[in-house]
Amino acid sequence: MKSLVLVNVTEPLVAEERNIPVAGPGEEVIKVIACGVCHSDIHVADGHFGGPLPIVLGHEVVGEHPELGRVLVYAPWGCRKPDCRQCAAGLEMICANSHEAGVVDDGGYQEYMRVPSRDYLFPIGDLDPVNTAPLACGGLTAFRATKRVLPHLAHKGATAVVIGAGGLGQFAVQFLKKLADVELTVLDMADDKLEAALKLGADHAVKKLPEGVRYDAIIDFVGANATLAVAGAHVQRQGIIAVVGLAGGRLEFGVGIIPSEAVLTSSIWGGLDELRELLDFVRAEGVEHLVETMPLADAQEALDRLRRGEIRGRVVLTV
Ligand code: NAD
Ligand code: ZN
């Protein structure tokens, strides 16, 4: 089978011919149909996570399973040891010994993929495989982040900001508008992303937040020093900043430094139950996908284009 392999960080992926994986006890092997290209793949390829090499990237996977049919793969695999509090709660993405597909274990930039348990396979029925693949990370991460800020948006006249309306932010725009009665502003630096945000339901799309205005919830899908500084300057008293983006920025914290009782939190991927809930939500409510496809063989070009900001929403590799 064909695998696109990250052999060395910061170097182009290498096309290799590998043996089709064989399922060990309790494991499953799926034939990959579609794999989304997440900005986190760039962080892995740049060596920001320090994971093992070589590695096959890709954690937004829809594949074909011989008995279950088309499945979406839950990819942040935990240790599943009985004494792991996070795994016991289905929050495997926060497990201290997680081994995510495409980060620690081989992921979906290949024709077949090994999955450690059938519990991680979610049949998608007649949902479109290309549109559904990005739900595994982009959708799920935005869903969890949205749900975590909702308690701060329960009052009349609530306002929120999404910083960074790329693959993840575009889901968050839709989830926030559907799950809360909120006036939503999107902040991005790219015109095409601002245009997309308005199309997906944002009330305002700006390159700079208006001076002196404060918001009840800010989700930062960039996470750089500059965007965190904006979030810190614009969060309301008792508001919340949820940081999702992995740009590695920092924000000063302390009483009198941030507005009174504002909450700062990171938000990490999503749990098994949340993925189930997200699929139900998508079936019931529908969700818009700004998706384009590229063949697996062009995975490196897809990463390069994403890095240059040339992808309007999500690019999905078709296998
Ligand atoms: P993307 O490249 O599709 O989108 C990023 C968006 O941010 C783009 O629209 C870009 O124009 C905008 N942007 C970049 N710098 C900006 C700035 N300084 N000010 C305003 N806008 C800016 O990326 P994505 O796939 O949506 O991922 C977003 C981030 O979330 C990445 O860092 C990714 O690694 C991270 N991520 C985190 C988790 C998690 O569990 N916390 C999960 C998945 C992805
Ligand atoms: Zn991702």
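Source: prediction; values computed, not measured. Residue numbers start at 1 and run along the sequence shown. One-based numbering, in listed order, for ligands and for the atoms of each.
- Taking a cut-off of under 4.0 Å to the non-hydrogen atoms of Ser267, the atoms of ligand 1 that pass are 39 (C), 40 (O), 41 (N).
- With respect to atom 6 (C) of ligand 1, the closest heavy atom belonging to the protein is Gly166 N, 3.7 Å.
- When only interatomic distances are considered, the shortest N/O to N/O separation between Leu246 and ligand 1 falls below 3.5 Å.
- The pair Lys207-Asp191 meets the salt-bridge criterion, with a side-chain N (NZ, NE, NH1 or NH2) lying under 4.0 Å from an Asp/Glu carboxylate O.
- Annotation for ligand 1: atoms under 4.0 Å from non-hydrogen atoms of Thr227 are 17 (C), 18 (N), 19 (N).
- The closest donor-acceptor contact from the side chain of Asp203 to the backbone of Leu184 lies under 3.5 Å.
- Around the Zn ion (ligand 2), the two atoms NE2 of His59 and SG of Cys137 are separated by an angle of 110°, to 10 degrees.
- Of all the atoms in ligand 1, the ones that sit under 4.0 Å from a non-hydrogen atom of Cys38 are 43 (C), 44 (C).
- Residue-level proximity to ligand 1 for Ala165 is carried by the backbone, the only part with a heavy atom below 4.0 angstrom.
- Numbered from 1 in the order shown, with element, the atoms of ligand 1 that lie under 4.0 Å from a heavy atom of Ile268 read 40 (O).
- Among protein heavy atoms, atom 33 (C) of ligand 1 sits closest to Ser40 OG, 3.5 Å.
- Using cut-offs of 30° and 60° on the angle between ring planes, the pair His48 and His43 is tilted.
- For ligand 1, the atoms lying closer than 4.0 Å to a non-hydrogen atom of Trp269 are 39 (C), 40 (O).
- Here the heavy atom of the protein found nearest to atom 27 (O) of ligand 1 is His39 CB, 3.4 Å.
- Residue, atom and distance of the protein heavy atom nearest to atom 37 (C) of ligand 1 are Val244 O, 3.1 Å.
- Using the six-membered ring where Trp is involved, Tyr74 and Tyr120 have ring planes that are parallel, under 30° apart on the 30 and 60° scheme.
- If you number the atoms of ligand 1 from 1 as listed, the ones under 4.0 Å from a heavy atom of Leu306 come out as 2 (O), 3 (O).
- The only option from Phe171, Phe281, Phe122, Phe143 that meets the side-chain contact (heavy atoms from CB on, under 4.5 Å) definition with Leu135 turns out to be Phe171.
- At a heavy-atom distance under 4.0 Å, no atom of Ile42 approaches ligand 1.
- With values rounded to the nearest 0.5 angstrom, Leu306 atom CG is found 7.0 Å from Arg314 atom CZ.
- Atom 43 (C) of ligand 1 has Cys137 SG, 3.3 Å as its closest protein atom, hydrogens excluded (heavy atom only).
- When hydrogens are left out, the protein atom nearest atom 29 (C) of ligand 1 is Phe221 O, 3.1 Å; that is the closest non-hydrogen contact.
- Of the charged side-chain nitrogens involved, at least one lies within less than 4.0 Å of a carboxylate oxygen, so that Glu28 and Arg118 count as a salt-bridged pair.
- A single hydrophobic cluster is seen to contain both Leu272 and Leu121, as judged by linkage of ILVMFWY side chains at heavy-atom distances under 4.5 Å, directly or through other members.
- Atoms CE and CZ, on Met1 and Arg18 in that order, are 6.5 Å from each other to the nearest 0.5 Å.
- His155 and Asp216 share a donor-acceptor pair across their side chains, judged by distance under 3.5 Å alone.
- Between His234 and Tyr215, the ring-plane angle classifies as tilted under the 30° and 60° cut-offs.
- Atom CG of Asp105 and atom CD1 of Ile55 lie 6.5 Å apart (nearest 0.5 Å).
- Looking at Gly167 next to ligand 1, an N or O pair under 3.5 Å apart turns up.
- From the protein, the heavy atom lying nearest to atom 26 (O) of ligand 1 is Leu168 N, 2.9 Å.
- Near Arg314, the atoms of ligand 1 lying under 4.0 angstrom from a non-hydrogen atom of the residue are 24 (P), 25 (O).
- Nearest protein heavy-atom contact of atom 14 (C) of ligand 1 is Met189 CE, 3.7 Å.
- For ligand 1, the atoms closer than 4.0 angstrom to any heavy atom of Gly245 are 29 (C), 30 (O), 32 (O), 35 (C).
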